[in-house]
Trainee: 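Handing you this structure, nothing more for now.
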Amino acid sequence: MASPLTAGFCELVFNSAEAPEGVQPTLQVLSVKKINAPGASGQDRYRLILSDGKHFIQAMIATQLNHMVESKELDKNVLIKMTGYVTNAVQGRKLVIILQLETVPWNGEKIGNPTNLEQQQGAGGTSAPAAAAAAPKQEVGGFAARQQSSAGRGGAASKPGARGKQEVGPLYPIEGLSPYQNKWTIKARVTQKSDIKHYSNQRGEGKLFSVTFMDETGEIRATGFNEAVDNFYNMLEEGKVFFISRARINIAKKQFSNVNNEYEIMFENQTEIEPCDDDTVPQVKYNFKGIGDLGELQKDEICDVIGVVREVHELGSVTSKATNKPFAKRDIQLVDSSGQSVRLTLWGKQAETFQADDQPVIAFKGVKVGDFGGRSLSMFSSATMSVNPDISEAHQLRGWFDAEGHNTQFQAYTNQGNANSTSGAAQGAKPSELKTIGEAKDESLGMSEKTDYFTTSATVAFVKQETFSYPACANPEGCNKKVVDDGTGWLCEKCDRKWDNPIHRYILSMNVMDHTGSFWITAFNEQAEQIMEISANDLMKLKEEGSDINAPFQKATGKTYAFQMMAKQDSFNDQPKVRYQCRRVSAPDYVSESAHLSQLINQMNV
DNA sequence: CCCCCCCC
């Protein structure tokens, strides 16, 4: 029986300068693998090994085909007909990028015994990879044809011939652009446009701007200098779709951009940009990180966030340490249904002009994560924000906030416990950061010079009965110092007074536990009294009368509280250890606790 | 060819 596969296709791709025009090969998938580097908008990327029965080559699928992998429609041994693809050669390796495919019915068996073309070529002649690297090629398969026909169906005047006076090459996916190829046109939407920036350096003065383009396969940043600013700045409106051709492709300097592409476009004098009225090009894609999950990100990471603007702070100004220049800044507070709030800082013109007095939902793309106050967010030059966008996440947030969110007490990000580093007098102080007992131990809270503060939701497992109190100075003005019985009365060294009887105050040792572990904590009088529901002095009286005092201890056991904790370094027999002191006891706050737990669950990566 | 993204 003849093989259903397109014989010789792999060799053709690997060796030929020209891609087979109009060929839609049928190939077999030998493997599908998720690769580590995420694609545009943080989506997963999949690498395929494709066989023509004799050889195999590597391929990537465009992210809009990811669902076919996820549904297992695209899987090992499946036959596919590639109806849209480009081939890409970088560093001597050929890669097929599949833009569109159809699966072909097949019995699931592997066809032939294909071998790796790359290795054979490399072993056969050492010059092969070098030659490929020196003269890399990129050719287009079915993509251009598909684009033309779909544009034709839509009635848009977007056939290559109608795009401009000169032949500028076939329509390319952004994902298929590379520096080795200059005959291309992309059709893409401007998702972000910077202000015009003027600069002055050794080379002279100049101005520039940049935009981010997006199509169904990816995004790319483009920059224009001087004349390009005059030619294109006004035309390239945010949100609109354009044909772009005859521009240069450079290697992107990733450290200065959050745009997900190895390359970037540089507008040149001969660059052509024309508006396009085809609106099928995708809108901005978001990959939102929940506000409660920002702890999973590293400082300086870039992310997308959506939230309700709960507070808008006044316009302020800071002076940059680096440049000594003043910058306008404005902080806003964002919340979402995680129960967590986060501060986001706007800069410059954006800070000055920001207005939101009706608690809108705002979607932010490309904001930078900071670690000030635990977690904070900052606008970036290439960040965008969209007020009340018409996306489901925004509608959900609006509904949640109006129904219940406006009454929620939000948990702010804090540095470890510093929210409570002032004494308990801080009424209405924000609750300090929730930590499980396991986290408190893992993070070695209380093991450094400074005292750490945190809150633990835990259950009383055991209360020590033997010593629960100390005899304290009875001075009604409040002294609370320990007093000693010298035989003639209880002496307070601080007050220099003697009392017939001391007042017993709690120094209660308890073992408390949560799902991650347990630790021993000490509660002093007020907190212990809350837990024991009897004063230490009364309890001591009962004990001295010889009564059974077991009942209040039993009653205290098994109850769950939010313990505001202070963890301090201490030593015991020359071994450093942590002393955990309970500074406040309250009913558990299930809202913030749930937010904390869901954050922990998300960190499990399951 | 810019490339700073700031402060507390």
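The chains referred to below are lettered A, B, ... by the order of the sequence lines, with proteins before strands, and numbering in each begins at 1.
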Trainee: With a non-hydrogen cut-off below 4.0 angstrom, is A/Lys329 in contact with a base, only sugar-phosphate, or nothing?
Mentor: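 Touches a base.
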Trainee: Which part of the nucleic acid, if any, lies within contact of A/Ser210, taking any heavy atom under 4.0 Å across all strands shown: a base, the sugar-phosphate backbone alone, or nothing?
Mentor: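 Here A/Ser210 touches no strand at all.
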Trainee: For the OG atom of A/Ser592 and the CZ atom of A/Phe410, what is their distance to the nearest 0.5 Å?
Mentor: 11.5 Å
Trainee: Before accepting this row, confirm whether a basic side-chain N of the pair A/Glu238/A/Lys193 lies closer than 4.0 Å to the acidic partner's carboxylate O.
Mentor: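 No salt bridge links A/Glu238 with A/Lys193.
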Trainee: Touch check for A/Thr345, heavy atoms < 4.0 angstrom, all strands: base, sugar-phosphate only, or nothing?
Mentor: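 Base: the residue A/Thr345, judged by heavy atoms under 4.0 Å, touches a nucleobase.
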Trainee: Are the charged groups of A/Lys577 and A/Asp570 less than 4.0 angstrom apart, N to O?
Mentor: no
Trainee: With a non-hydrogen cut-off below 4.0 angstrom, is A/Arg248 in contact with a base, only sugar-phosphate, or nothing?
Mentor: nothing
Trainee: How is A/Arg330 classified with respect to the nucleic acid when contacts are heavy atoms under 4.0 Å: base, sugar-phosphate, or nothing?
Mentor: nothing
Trainee: Output all residues satisfying salt bridge (Lys or Arg N to Asp or Glu O under 4.0 Å) with A/Asp300, sequence neighbours left out; order by chain, then residue number.
Mentor: A/Lys368
Trainee: Contact class for A/Lys325 (heavy atom, under 4.0 Å): base, sugar-phosphate, or nothing?
Mentor: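 No contact.
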Trainee: So, A/Lys329 and A/Asp331, do they make that salt bridge, N to O below 4.0 Å?
Mentor: yes
Trainee: Of all nucleotides in DNA chain B that come within under 4.0 Å of a heavy atom of chain A, which is furthest toward the 5' end and which toward the 3' end?
Mentor: B/dC1 to B/dC8
Trainee: Please check if any side-chain donor atom of A/Arg583 sits under 3.5 Å from a side-chain acceptor atom of A/Gln527, or the reverse.
Mentor: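 There is no such pair between these side chains.
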Trainee: Does the plane of the ring in A/Phe519 sit parallel, tilted or perpendicular to the ring in A/Phe454? Use 30° and 60° as the thresholds.
Mentor: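 Geometry flag for A/Phe454 against A/Phe519: tilted rings.
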Trainee: Using a cut-off of 4.0 Å on non-hydrogen atoms, how would the nucleic acid contact of A/Glu264 be classed: base, sugar-phosphate, or nothing?
Mentor: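 Touches a base.
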Trainee: Strictly below 4.0 Å, heavy-atom distances to any atom of DNA chain B: list the hits from residues 193-201 of chain A, or just say none.
Mentor: A/Lys197, A/Tyr199, A/Asn201
Trainee: Are A/Glu296 and A/Lys289 ion-paired here, with the side-chain N under 4.0 Å from a carboxylate O?
Mentor: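 Salt bridge between A/Glu296 and A/Lys289, a charged N being under 4.0 Å from a carboxylate O: yes.
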